[in-house]
**Student:** 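My questions all concern the structure below.
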2 protein chains.
Amino acid sequence: MTLAEQCRARGWPVWATEDESVVLVCADCLDVLSLIEAGSVGAVVTDPPYSSGGAFRSDRNQSPSVKYTPNVQRAYAAFSGDNRDQRAYGYWCSLWLAGLLRASRIGATCSMFTDWRQLPTTTDAMQAGGWVWRGIAVWNKTEAARPAKGRFRNQCEYIVWGSCGALGTEVGTSTDGIPCLPGLWTVPTAGMEKEHVAEKPESLLEGLVEICPPGGLVVDPFMGSGTTIVAAVRLGRRAIGVEIDRKYFDIAVKRVEAELNRAPLFEPPPAIQKKLI
Amino acid sequence: MTLAEQCRARGWPVWATEDESVVLVCADCLDVLSLIEAGSVGAVVTDPPYSSGGAFRSDRNQSPSVKYTPNVQRAYAAFSGDNRDQRAYGYWCSLWLAGLLRASRIGATCSMFTDWRQLPTTTDAMQAGGWVWRGIAVWNKTEAARPAKGRFRNQCEYIVWGSCGALGTEVGTSTDGIPCLPGLWTVPTAGMEKEHVAEKPESLLEGLVEICPPGGLVVDPFMGSGTTIVAAVRLGRRAIGVEIDRKYFDIAVKRVEAELNRAPLFEPPPAIQKKLI
DNA sequence: TGTAGGTATGAATCCGACT
DNA sequence: AAGTCGGATTCATACCTAC
């Protein structure tokens, strides 16, 4: 049984292309990961809920859109899984990271967003999940949440990345077709038409998806509104996306359908910026 | 007895201006910190040896210039204290960080360089030393990183920063005269005439020193070739620098003397770039 | 002044050979 | 032998030299 068939059999909403080169599932990722064929994944690219931004349980218990954007008029749907404390966040991350490792081939990579506050927890969790921690890439948002006198602006988010075992040396783990990738992207968020509080720019995700060999399988267990999957489709990678929240799942399906329906001859996708210093 | 007098009494090489607005000491910083007047420090800005760059003790035991720059024609003098494993590095950092906290006034800040590998250890050590961890600033070195196919370039180093208690709110901790500081600096190292393998660009340190209130006291317990002290002098801060290696201490003294002897009317220091996105 | 080509560089990393 | 050592190798970029 294919992944889509197994998920449908469990009663989860599923959207997939006919050849299942793209499969989107609405469910808890911890339930789905065990169904992915072992050794099939080429790259994990994901942006989990950070569970950051509050020292106390009551702060974290607020709905995320209230917590992160208190003065913003636009209302975002609440998203799930953003209410763990730092220790629990680490344990929880190591759970799904371990599940993804099982599904990954040797030499696959895992790239995962985090903010400054959760960065140490995230590197621990990645290693606890069995991945070899390889480094940190930086996303320069250019805008700080709150500029303040006498403080350095926290204007960056971070991408912690690692590999499933050796990188580009073992049989079948060639880096052919993968370029040298930048370690820093400067992509402003200003003026983005966001569907999700934490939505990332498409050009940023295109840069990250490039670490997956062409034609390889990209997995995003926290799909949100689907930016990672759109980028993967655009760059000719296969993709699996999982999202627990029905509202965001529906948004992601729409965006991925729209991307697949683009007529590439008349409206080619924007060139990926190779150099983004 | 003044700091310089106390250090001379212990037989350590000392260089100081007459008013002791700048004091440089050649000694182990752990021995010197307890002599600094409690509550006098406005900002710690430092770049300790990372003890990075190798999975095995034997790798770290190589001379730092072999470890970090094996193909390079030019040879740098060795520097001390670069051979601790990750746990020992954390303990050692927390020791001198605690010593600096005692010497700091409420609202003082500590900014400390680290690389990706030691970043989680560094944030732990800063908190263990009693500082309130406030964030991470980023130094984008641009071209300097070693590129590799299928990997994100490690082109950034990180500045972990924190405060001695409350920041800019308690009595006497005003942020008057301190601007909103950037959270990312893009400063290439290419073409730098370096005296030390790990020497940082002067403009970068000028940016960091700005977090100290004008006229305040900047301390660098790992002075190296003295870039932090030069930046502090240039921006009108008082400064204490400590360096254990005599060779680098002598270099630092020369650079600081040269900076103090500049005729500011005829050769003004380069304007500090306020905005370095 | 402009272009092309060669060289030096990087706060490493990897792997085979060895003890 | 849940190890250790040492030498080969990585490639985009800046800079230098030649034309």
Side-chain angles (χ1 to χ4, degrees), chain A residues 106-107 109 127 130 132-137 161-163 165-171 173-184 207 210 273-277, chain B residues 46-86 89 93 112-119 121-122 138-160 186-201 204-205 222 224-225 227 245 248:
Chain A
I106 302 291
T109 58
Q127 294 176 89
V132 181
W133 178 32
R134 296 286 180 173
I136 301 171
W161 74 283
S163 68
L167 197 51
T169 52
E170 299 214 357
V171 179
T173 66
S174 159
T175 52
D176 293 350
I178 314 183
C180 288
L181 299 163
L184 179 127
E210 277 206 287
Q273 288 174 270
K274 292 285 176 189
K275 191 180 171 182
L276 282 163
I277 291 178
Chain B
T46 194
D47 184 19
Y50 295 171
S51 291
S52 194
F56 298 100
R57 194 155 35 106
S58 63
D59 291 331
R60 288 190 303 274
N61 279 342
Q62 296 174 65
S63 147
S65 67
V66 173
K67 185 167 68 175
Y68 298 124
T69 58
N71 324 327
V72 173
Q73 304 295 318
R74 144 164 227 183
Y76 296 101
F79 56 93
S80 313
D82 197 55
N83 49 8
R84 294 176 176 85
D85 74 13
Q86 229 172 47
Y89 182 74
C93 286
M112 167 183 176
F113 279 90
T114 186
D115 71 350
W116 66 272
R117 200 185 284 274
Q118 296 287 28
L119 206 158
T121 307
T122 303
V138 177
W139 172 34
N140 174 21
K141 300 185 287 185
T142 68
E143 80 294 337
R146 286 167 203 229
K149 281 170 75 177
R151 293 162 187 246
F152 299 109
R153 294 166 64 186
N154 280 316
Q155 70 186 79
C156 295
E157 287 184 31
Y158 303 91
I159 298 120
V160 171
T186 297
V187 187
T189 50
M192 262 181 72
E193 285 286 330
K194 291 200 292 188
E195 304 265 17
H196 192 290
V197 197
E199 192 170 327
K200 305 288 183 283
L204 174 61
L205 268 300
F222 305 96
S225 48
T227 312
D245 278 314
Y248 289 114

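Throughout, a chain's letter reflects where its sequence line sits, starting with A, and its residues are numbered from 1.
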**Student:** For the side chain of B:D47 and the base of C:dA11, is some donor closer than 3.5 Å to an acceptor across the two?
**Tutor:**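 Pair found.
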**Student:** Which listed nucleotide (C:dA11, C:dT13, D:dC11) is nearest to the side chain of B:A198?
**Tutor:** C:dA11
**Student:** Centroid distance below 5.5 Å plus an interplanar angle below 30 degrees: do B:Y68 and C:dA12 meet both conditions?
**Tutor:** no
**Student:** Check if the side chain of B:K194 and the base of C:dA11 share a donor-acceptor pair of N or O atoms closer than 3.5 Å.
**Tutor:** no
**Student:** If we ignore hydrogens and angles and just use 3.5 Å, is the side chain of B:Q118 paired with the main-chain N or O of B:S51 as donor and acceptor?
**Tutor:**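 Present.
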**Student:** Would a 4.5 Å heavy-atom cut-off, applied to side chains only, mark A:I178 and A:E210 as touching?
**Tutor:** no
**Student:** To the nearest Å, how far apart are B:Q155 CD and C:dA11 P?
**Tutor:** 12 Å
**Student:** Nearest whole Å is fine: how far is C:dC14 P from A:I106 CD1?
**Tutor:** 15 Å
**Student:** Give the ring-plane orientation class for B:Y248 versus B:H196, where under 30° counts as parallel, over 60° as perpendicular and anything between as tilted.
**Tutor:** tilted
**Student:** B:I159 has an atom CD1; how far is it from atom C1' of C:dA11, in whole Å?
**Tutor:** 14 Å
**Student:** If we ignore hydrogens and angles and just use 3.5 Å, is the side chain of B:R153 paired with the main-chain N or O of A:L184 as donor and acceptor?
**Tutor:** no
**Student:** With side chains defined as the heavy atoms from C-beta onward, is the minimum distance between B:Y76 and B:E199 less than 4.5 Å?
**Tutor:**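 No. Closest side-chain heavy atoms not under 4.5 Å.
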**Student:** Rounded to whole angstrom, note down the C1' distance from D:dT17 over to C:dT1.
**Tutor:** 15 Å
**Student:** Within this structure, what is the CD-to-P distance between B:Q118 and C:dA12, rounded to whole angstrom?
**Tutor:**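 For the pair B:Q118 CD and C:dA12 P, the rounded distance is 12 Å.
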**Student:** When you measure from the side chain of B:R153, which nucleotide among C:dA11, C:dT13, D:dT13 comes out closest?
**Tutor:**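 Of the candidates, D:dT13 comes closest.
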**Student:** How close or far is atom C1' of C:dA12 from atom CG of A:L167, stated in whole angstroms?
**Tutor:** 14 Å
**Student:** Go through C:dA11, D:dC11, C:dT13 for me and flag the one nearest to the B:R151 side chain.
**Tutor:** C:dT13
**Student:** Base, sugar-phosphate, or nothing for B:P188, non-hydrogen atoms under 4.0 angstrom?
**Tutor:** nothing
**Student:** Can you tell me the distance, in whole Å, between the CH2 atom of B:W116 and the C1' atom of C:dT13?
**Tutor:**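 B:W116 atom CH2 is separated from C:dT13 atom C1' by 10 Å.
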**Student:** Of the listed nucleotides (C:dA12, C:dC14, C:dT13), which one gets closest to any side-chain atom of B:R117?
**Tutor:**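 The answer is C:dT13.
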**Student:** Go ahead and name the base partner of C:dA11; Watson-Crick or wobble counts if both distances stay under 3.5 Å, otherwise write none.
**Tutor:**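 No nucleotide pairs with C:dA11.
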**Student:** Quantified in whole Å, what is the P atom distance between nucleotide C:dA11 and nucleotide D:dG7?
**Tutor:** 23 Å
**Student:** Using whole Å, report how far NZ of B:K149 lies from P of C:dC14.
**Tutor:** 16 Å
**Student:** Taking only the C1' atom of each, what is the distance from C:dA8 to D:dT10 in whole angstrom?
**Tutor:** 15 Å
**Student:** Please state how far atom CG in B:N154 lies from atom C1' in C:dA12, giving the value in whole angstrom units.
**Tutor:**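 Between C1' of C:dA12 and CG of B:N154: 10 Å.
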**Student:** Is there a Watson-Crick or G-U wobble partner for C:dG6 with both distances under 3.5 Å, and if so, which one is it?
**Tutor:** D:dC15
**Student:** Is a donor on one side and an acceptor on the other found under 3.5 Å between the side chain of B:D82 and the backbone of B:Y50?
**Tutor:** yes
